[in-house]
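What follows is a short report on a single structure.
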Amino acid sequence: MNIENIKKPNITSERINQKVMPILRKMEKSGIKLDCDAVRKLDRKLSKRVSQIEEQIVKFSGHEFNISSPTQMAEVLFVEMKLPTEDLKKTKTGISTAANELNKIKDKHPIIVLILENRELSKLISTYLRPLPMIVDKSSRLHTTYGMETATGRLTSSEPNLQNIPIKGKFGGEIRKAFIASEGMKLIAADYSQIELRIIASISHDTAMIDAFKRGDDIHSKTAAEIFNTTLKKVTRDQRRIAKAVNFGIVYGQTPYGLSQALNIGIDKAAEYILHYFEIHQGIRRYINEMVEKAHKDGYVETIFGAKRFLPNIDSRIRYIAESEERMAINMPVQGTAAEILKLAMIALDKRLVSYNKKKPVPSKMLLTVHDELVVEAPSEDAQEVAKIVKESMEEVVTLEVPIIAELGVGDNWQEAKS
DNA sequence: TGCTTCACG
DNA sequence: ACGTACGTGAAGCAA
């Protein structure tokens with residue numbers, strides 16, 4: 001990995017972690033405000049729907065059972081109702097009833113859709129809607145705890161985890177709307193655009209991807225144009241969807257089998273897409289080979305700031321164990337460098353906010369960090385000015401071979417700030 | 001306590 | 001014949 005063309009501050013990953021630690025402690029102390037009334041209201045609404053769905057599930061199955069028990073669910077579906085199991089994965093304890101498996105037999109019986117809806121709603125209720133209002137402080141704020149002991153250098157968030165607050169699905173946005181700015185304040189949400197792909201483009205020197213980012217192309221459409229031998233303009237939604245999966249898969253060391261599962265297509269087709277991708281992106285192919293080679297030779301891989309990940313089983317004779325660590329070798333330098341860039345941005349932003357706040361009666365504060373995103377709270381009248389500081393801090397912290405772009409929004413709640 | 005499932009990036 | 005895309009944390013069940 002040759003990183004001569006990357007302009008970066010002269011600092012090690014260890015020093016980055018030391019400097020970010022006190023910033024995390026400040027963010028934990030600040031907390032973020034939760035609209036508990038809105039959460040409880042949504043809880044009541046979804047709970048009512050769950051009861052209705054449960055009644056229908058009981059009707060179809062013929063008796064009451066614990067819908068949250070995968071064991072009982074499998075018994076009902078595959079033994080009592082005799083639904084087909086050929087296509088489904090097995091777990092250590094039986095046949096899987098995970099959502100992606102049930103999706104395969106969705107049209108075999110109307111009970112499946114009900115189960116999927118029930119799962120979605122009970123997840124939201126039991127993990128977010130019910131617990132969160134119980135643990136706010138007297139100002140209605142939630143305080144997470146950040147951790148740094150991860151394999152790649154990412155941060156963790158726990159008790160509560162504020163890095164997995166729903167955003168997708170029918171009600172994800174509703175939940176994010178309950179994370180609100182304090183009185184007289186706004187939330188600023190800023191996230192890096194395609195940071196991991198920009199990093200892999202830079203450290204692999206892949207010409208095609210670097211050009212695409214320099215031109216400001218939509219990277220997934222660009223990939224689609226490449227693998228389907230067409231032009232940017234002619235790319236269909238479906239082609240873009242497939243290309244997006246290919247782009248994500250690349251960073252994880254995905255196999256044709258994995259891509260075929262993710263897209264519900266044949267292995268042959270998946271293999272063809274991947275092969276075609278590597279014909280065009282030879283720099284990416286070289287990067288992958290280099291990382292796997294290095295891991296075998298040195299026993300570790302590292303980020304551009306020198307954080308190492310040791311891979312003690314990379315030479316295992318059990319093939320899937322060795323292959324699993326080879327994928328970690330491919331992914332960690334990318335995911336880890338992205339984590340370091342966000343931490344550096346936080347260090348830069350903290351410094352600027354401290355000085356900015358000196359001439360202000362109400363301080364602006366970083367509240368959350370979510371892997372490639374920062375959430376900041378600022379007095380309404382300062383919000384636009386602070387947003388600019390956030391954007392600059394994020395974009396100017398390193399100079400890759402491609403531009404780094406932070407997209408940001410301002411709003412009264414987290415959902416609004418993301419658009 | 002370990003497993004399964006599922007929320008996020 | 002094996003397994004198959006990386007990194008996390010939390011809830012509920014089963015033993």
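Throughout, a chain's letter reflects where its sequence line sits, starting with A, and its residues are numbered from 1.
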(Q) Within this structure, what is the NZ-CG distance for the pair Lys388(A) and Leu408(A), rounded to the nearest 0.5 Å? (A) 12.0 Å
Q: Report the distance from atom CG of Asn247(A) to atom P of dA5(C), rounded to the nearest whole Å.
A: 17 Å
(Q) I need the Asn247(A) CG to Tyr252(A) OH distance, nearest 0.5 Å. (A) 11.5 Å
Q. Below 4.0 angstrom, N of the basic side chain to O of the carboxylate: do Asp412(A) and Lys186(A) qualify?
A. yes
**Q.** Met291(A) CE to dC6(C) P, straight-line distance once rounded to whole Å
**A.** 18 Å
**Q.** Ring geometry between Phe179(A) and Trp414(A) (parallel below 30°, tilted from 30 to 60°, perpendicular above 60°)
**A.** perpendicular
Q. Using 4.0 Å as the upper bound for N to carboxylate O, is an ion pair formed by Arg352(A) and Glu392(A)?
A. yes
Q.
Once you apply a heavy-atom cut-off of 4.0 Å, does Asp191(A) come out as touching a base, just sugar-phosphate, or nothing?
A. nothing
Q | P-based separation of dC3(B) from dT4(C) [nearest Å] | A | 15 Å
Q: Indicate for each nucleotide in nucleotides 3-9 of chain B, in 5' to 3' sequence, whether protein heavy atoms under 4.0 Å reach the base (B), only the sugar-phosphate (S), or nothing (-).
A: SSSBBSB
Q: Could you tell me the separation between the CG atom of Leu129(A) and the C1' atom of dA11(C), rounded to a whole number of Å?
A: 13 Å
Q) Within the structure shown, what part of the strands sits under 4.0 Å from Thr71(A) by heavy-atom distance: base, sugar-phosphate, or nothing? A) sugar-phosphate
Q) Counting side-chain heavy atoms from CB outward, which of dT8(C), dG3(C), dA11(C) is closest to Arg319(A)? A) dG3(C)
Q | Short N-O contact, Lys391(A) and Glu395(A), less than 4.0 angstrom | A | yes
**Q.** Atom pair distance, as rounded to whole Å: CG in Leu259(A) and P in dC6(C)
**A.** 14 Å
Q. What does Gln261(A) touch in the nucleic acid at a heavy-atom separation under 4.0 angstrom: a base, only the sugar-phosphate, or nothing?
A. nothing
Q: Would you mind telling me which of dA10(C), dC6(C), dT4(C) lies closest to the side-chain atoms of Thr255(A)?
A: dT4(C)
**Q.** Strand partner of dA11(C), provided both Watson-Crick or wobble distances fall under 3.5 Å
**A.** dT4(B)
Q: Report the base-pairing partner of dA1(C) (Watson-Crick or G-U wobble, both distances below 3.5 angstrom), or none.
A: none
Q | Spacing of Ile321(A) atom CD1 relative to dT4(C) atom P, expressed in whole Å | A | 11 Å
